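The next block holds one structure in the form of structure tokens; read it before the comments.
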Amino acid sequence: MTAEMAAPAWMHEQITAEQYDSWSEEQCAGIEIVDGMVVVSPSASKRHNRLARILANALEAAAGPDWNAATDFDVRLQDVPLTNRRPDVVVYRADTIDITPTRPEHVLLVVEVVSPGSETTDRVVKTDQYAKSGIVFYWRVEQAATGVPLVYTYVLDPATGTYRNGDVFTGVVKVSAPFPVEVDLGQI
């Protein structure tokens, strides 16, 4: 293995919140920090990105002035050990747009679009982490072989700190909570 192929040292050492906050946007792109360790995420497919963008646009339109929806930014789930996740879509309080890092108390809903290789993380690990951090709504989008995505919705049960199963949607998502929204994901 040549020196150019070796991973940088910071990928093998536990990262603190202070270190991460000093990194540039380019250094933070495409990674998440889990229990202080860097996790590199492969580039998403065009289908994956399109689903995320369609959902973010529909949620943004439905959210009203108090909430924003966006893609591609970190949510700081905990400082020690540092855990930063980068959900595919985040609905967050509009009045926190300039607050960094975005924390769970700023977030109403996170959406993960499952890709090959992220199944266990999106179905189990992130579900547990988002619930423990107190994010009220979690949606998981499965990209079915038929081309029509399945959307699994979850609602936080504050008494147990875990998610209860909500509705499952095929193609068209129509919910009233966290706010009324209808999204046609049809044949993406």
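Just so we're clear, the structure is a prediction, and the values are computed from it rather than from any experiment.
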- Query: Do Ile135 and Val91 sit in the same hydrophobic cluster, where Ile, Leu, Val, Met, Phe, Trp and Tyr count as joined when their side-chain heavy atoms come under 4.5 Å apart?
  - Reply: no
- Item | side chain to side chain contact (heavy atoms under 4.5 Å, CB included) partner of Leu77, the single match among Gln129, Arg103, Glu32 | Gln129
- Distance from Thr71 atom OG1 to Leu59 atom CG, nearest 0.5 Å? 11.5 Å
- Would a distance-only check, ignoring hydrogens and angles, find a side-chain to backbone donor-acceptor pair under 3.5 Å from Gln143 to Val114? yes
- Rounding to 0.5 Å, atoms CG (Asp157) and CZ (Arg164) come to a distance of 5.5 Å
- With Asp128 via salt bridge (charged side-chain N to carboxylate O under 4.0 Å, His left out) - residues at least two apart: Lys132
- When you measure from the side chain of Gln78 to the backbone N and O of Thr83, does any donor-acceptor pair fall under 3.5 Å? no
- Message: Whether Asp74 and Arg86 form a salt bridge (side-chain N of Lys/Arg under 4.0 Å from carboxylate O of Asp/Glu) is what I want to check.
- Response: yes
- Partner residues of Glu105 under the salt bridge (charged side-chain N to carboxylate O under 4.0 Å, His left out) criterion, sequence neighbours left out: none
- Query: Do the non-hydrogen side-chain atoms of Tyr92 and Ile97 ever get within less than 4.5 Å of each other?
  - Reply: yes
- Query: Same hydrophobic cluster for Phe137 and Val90, using side-chain heavy-atom links shorter than 4.5 Å among ILVMFWY?
  - Reply: no
- Query: Less than 4.5 Å apart, any side-chain heavy atom of Leu55 and any of Asn57?
  - Reply: no
- What one should report as the nearest heavy-atom pair of Ile54 and Asp184 is CG2-O, 4.4 Å
- Task: Kindly assign one of parallel, tilted or perpendicular to the pair Tyr163 and Tyr154, based on the angle between their ring planes and the thresholds 30° and 60°.
- Result: tilted
- Joint hydrophobic cluster, Val173 plus Tyr152, side-chain heavy atoms closer than 4.5 Å: no
- Message: Does any part of the side chain of Glu142, heavy atoms only, come nearer than 4.5 Å to the side chain of Glu119, both counted from C-beta?
- Response: no
- Drop me the distance from Leu82's CG to Glu18's CD, to the nearest 0.5 angstrom. 9.0 Å
- Message: Under 4.5 Å between side-chain heavy atoms, counting indirect links through other Ile/Leu/Val/Met/Phe/Trp/Tyr residues: same cluster for Val40 and Trp23 or not?
- Response: yes
- Task: May I ask you to test the Val39-Ile33 pair for a side-chain heavy-atom distance under 4.5 Å?
- Result: no
- Per the side-chain hydrogen bond (donor to acceptor under 3.5 Å, both in side chains) rule, which among Thr102, Asp21, Thr100 passes with Arg76? Asp21
- Does any donor atom in the side chain of Gln19 or Ser22 lie under 3.5 Å from an acceptor atom in the other side chain? no
- Cut-off 3.5 Å, side chains only: do Glu112 and Tyr138 have a donor facing an acceptor? no
- Message: According to a hydrophobic-cluster definition based on side-chain heavy atoms being under 4.5 Å apart (Ile, Leu, Val, Met, Phe, Trp, Tyr only), do Val141 and Val136 belong together?
- Response: yes
